[in-house]
Amino acid sequence: MRFLGLVCGLLLAACSGNQSIPSLTSSTGNWSDPATWGGKVPTSGTNLEIPAGQVVTLDTNAVVGGLTVYGTLNFARKDLQLEARWIMVEGKDAALKIGNSLESFKNRASITLTGSNETENIMGMGTKFLAAMNGGRLEIYGEQRMAWTKLNRSVAKGATQLELAETPDWRVGESIVLASSALDPTQAETRVITAVNNKTISFDQPLEFAHYGQLQSFAGKTLDERAEVGLLSRNIVIEGDAASQTKQFGGHVMVMGVTGSTRETNIAASSTAKIQGIEFRRLGQFQKLGRYPLHWHRNGNSSSSFVAGSSFHQNYQRGVVVHASDQIRISENVVYGSVGHSYMTEDRSEIGNTFERNLGILTKPFPKPSSNAEQAAQNDEQAATFWIRGPNNKFIANHAAGGWHSGFWFDGALATNNDFVFRDNTAHSYLVGRGIKGSCCFGEKGALWITPEKDTYGTFHGPFEFTNTTLYKNREAFWALPKSGDGTGASSVDLNNAILADNALGLSSQGLRDSIIIGRSANTDADPEVGRAGVQEYGNTSRLENITFVNFTDGGTALETRNCFREAPNVISKGIQLINAELNLCSGSSDLSILDDGTLSGTGQISTITPASNESGSRAMWTADCPLSANKTTRACPGKLEYWHLYVQTAGGTTPSLIRDDGVQLDASDVESYPFYWTMIQGRIYALSQDLSVTSAIRLRAGIKYNNEADENMIRTGRVTVPVAGNYSITQCDYGAYDGMTCKNKTTLPSVANAAALEGRQTPAYYYDISNKKLHIWLVAGTDTSVILERK
């Protein structure tokens, strides 16, 4: 993919087009001066080259075919337009300059990339591009403007002016975008400014939607749901031509090293883009890999590069893409309406990049997976405003403001060092793949979302520390696969000092500390799902510490289980405060347990909270010592109850039920259907209801219900008695999943002298009480061992 420098320069007509190349005759000159070009200013559409060491100042509007810059192209400080099929800035002495770091460009300038030939491929970069390669430099300094701010007060539907939180430097005739403050992200809307009076701006058309603009206070924390307002106009524009929309074939901007096939390792060959105050529009080439509005491509060390205070809109594929490039500063930008991910790191190798105070609004998914397999694997059909494969970067004070899927998606991302920073970020108005005004399929997705990926990079994801995060008006606010027993596909997450508000579901199967969860605020929403649940648990252990739940009433609940299934969810809660909030656990067969320090139950004592349901799966969780709560959906058992699972298989007969020592019966159907276990309370004794006459063999295995913190290595044990009539054999073997009575390493189960000798053992054993013909079997959870009782 390397641009061939002088060779291609001498043969550029053959490399890229048709016309011959005028020769420069002086080291410095104006574009409009014939002497600069050997006596004749190039005609429109000519392919041009600026050799190394030469400086040309663009002082007039120009239309070229292809433009190769080995020297310097500098824009004069006047209104200018440059139109080209492509522009290549190549080599360590090559630069395209508009303004500089000491004095930004104050006039208006545009670079328009033209053409509709999708098959044209100029040295591997396609066509319709502005590119820096092999040490080339793009140094473009537009005006430093206020990129975005928030409303200072709410604005009603039909309004033609609004008040901002800050006094803008915005001007009449410029375009703005106003983000949705509702669950529906499509309530974002654009307008053209007609007047500016201090913080108040007027615009051309009445608003179609209301937008919230007030600060709210809950339990000492400030909830900020003020809608963001971004400036789309800039005085320097890089754009595709007007025909780009027809095929969604816009221009693209690329920054890379010597070759696009490998990461650049020579810092001298890494190119630079210093971009400030630019409007990127009609860019990106839909479904074409590597053709994005702004793209650092395998550029390696890019510590001199940045994009700041710029806007991206009306683009056809993604926004800002960082691929195998490091140390870039991406700050104070606005990306509106991108098709595909708005901001992204691509392949996990990216480190040390800083994404700070960027705004993304209304991120749109691809209508279907890309036809390119490599791009399809990057999930643009589930586009995120921030899609991250390389997490070892900094994400500070960014706002993801609406889309069909996620705001921040760490997709198979693995943090491997301490470079990951995520603080003061906000995500709101995400549907997470679901429709508007409909309840469906809550579970494994979120506006802030971490997904595992089992590949050569390993299975452990994290550690991720998310600090001062605000998540509001999302179908589901946060989800990450928690740590499982063996660490497979796990995410180690610390979500702290967060504010979750006005979500349909706040938190799913993850921990949270020092935070507040608000069901419904004064920012009302027509969607009936808003405020439905604060925390949803299933199948894992999570910790809630110093959490305040506010305004979960009228059908809402601070905490629930998903679908009322028996999925072994477990919560450790400390310092919980309920303000106008209720705890309404499901009435089905849930085996949720909450180890509470007494603040959630209101008892002031350590207790175990369980569902109050009398269905078999829930009834297994509590005893007569567990009083019913006022709303009759929970019970608070005194002290800490530990649980384990008993899996049972039978052969040649029916399955017995199980009787707890206090007379509670657990039904056979519990082990005959998903999840195929009985829930057992540590320290209680259980008995099978029938002897071996109903079946030829019984296989028992103890399982760990959950792992949590200091208890992760705890061995859970229990005693099960079986009435035995006739001869029997009892063995132990390695456990195999649902494979009948056959197993590996089958040995005789050890026996002990009496039932008391079973207590406290770390390995399985049995005692046969001949006086009442009962077999007492001691089971140990987590040892991958089965006990088989067979009739002879």
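Heavy atoms only: backbone and side chains are in, while hydrogens, waters and symmetry mates are out. Everything numeric in this text was worked out from a predicted model, so none of it was measured.
- Applying the side chain to side chain donor-acceptor pair (under 3.5 Å) test between Tyr430 and each of Thr363, Thr385, Asn503 identifies Thr385 as the sole match.
- Identified under the salt bridge (charged side-chain N to carboxylate O under 4.0 Å, His left out) test for residues 201-217, with sequence neighbours left out: none.
- Every side-chain hydrogen bond (donor to acceptor under 3.5 Å, both in side chains) that Glu163 has, sequence neighbours left out, goes to Asn152, Arg153.
- The CZ atom of Arg318 sits 14.5 Å away from atom CZ of Phe312, with the distance rounded to the nearest 0.5 Å.
- Residues satisfying the side-chain hydrogen bond (donor to acceptor under 3.5 Å, both in side chains) criterion with Ser542, sequence neighbours excluded, are Glu537.
- The shortest distance between side-chain heavy atoms of Leu500 and Ile518 does not fall below 4.5 Å.
- Residue pairs meeting the salt bridge (charged side-chain N to carboxylate O under 4.0 Å, His left out) criterion with at least one partner in residues 392-402, sequence neighbours excluded, do not occur; the list is empty.
- Annotation: Tyr343 is not in aromatic contact with Phe395 [ring centroid separation under 6.0 Å not met].
- Asp424 meets the side-chain hydrogen bond (donor to acceptor under 3.5 Å, both in side chains) test with Asn468; sequence neighbours excluded.
- Partners of Phe105 according to the ring-ring contact (aromatic ring centres under 6.0 Å, His included) rule, which considers only residues two or more places apart in sequence or in another chain, do not exist here.
- A search for ring-ring contact (aromatic ring centres under 6.0 Å, His included) contacts involving Tyr472 returns His428, not counting sequence neighbours.
- Within the structure, salt bridge (charged side-chain N to carboxylate O under 4.0 Å, His left out) contacts touching residues 189-198 (residues at least two apart or in different chains) are Glu189-Arg191.
- Taking the six-membered ring where the residue is Trp, the centroids of Phe464 and Phe420 are separated by under 6.0 Å.
- With sequence neighbours excluded, the residues that form a ring-ring contact (aromatic ring centres under 6.0 Å, His included) with Phe366 are Phe286.
- Two rings, from His405 and Trp449, have their centers 6.0 Å or more apart.
- Side chains of Lys157 and His211: a donor-acceptor N/O pair is absent below 3.5 angstrom, by distance only.
- Of the residues listed (Gln216, Lys150, Gln214), the one engaging Asp224 in a side chain to side chain donor-acceptor pair (under 3.5 Å) is Lys150, and it is the only one.
- Contacts of Glu332 classified as side-chain hydrogen bond (donor to acceptor under 3.5 Å, both in side chains), with partners at least two apart in sequence or in another chain: Arg357.
- Not counting sequence neighbours, Arg520 has no partner by the salt bridge (Lys or Arg N to Asp or Glu O under 4.0 Å) test.
- The side-chain contact (heavy atoms from CB on, under 4.5 Å) check on Thr167 picks up Lys199, with sequence neighbours excluded.
- Aromatic pair Phe466/Phe408: ring centres not closer than 6.0 Å.
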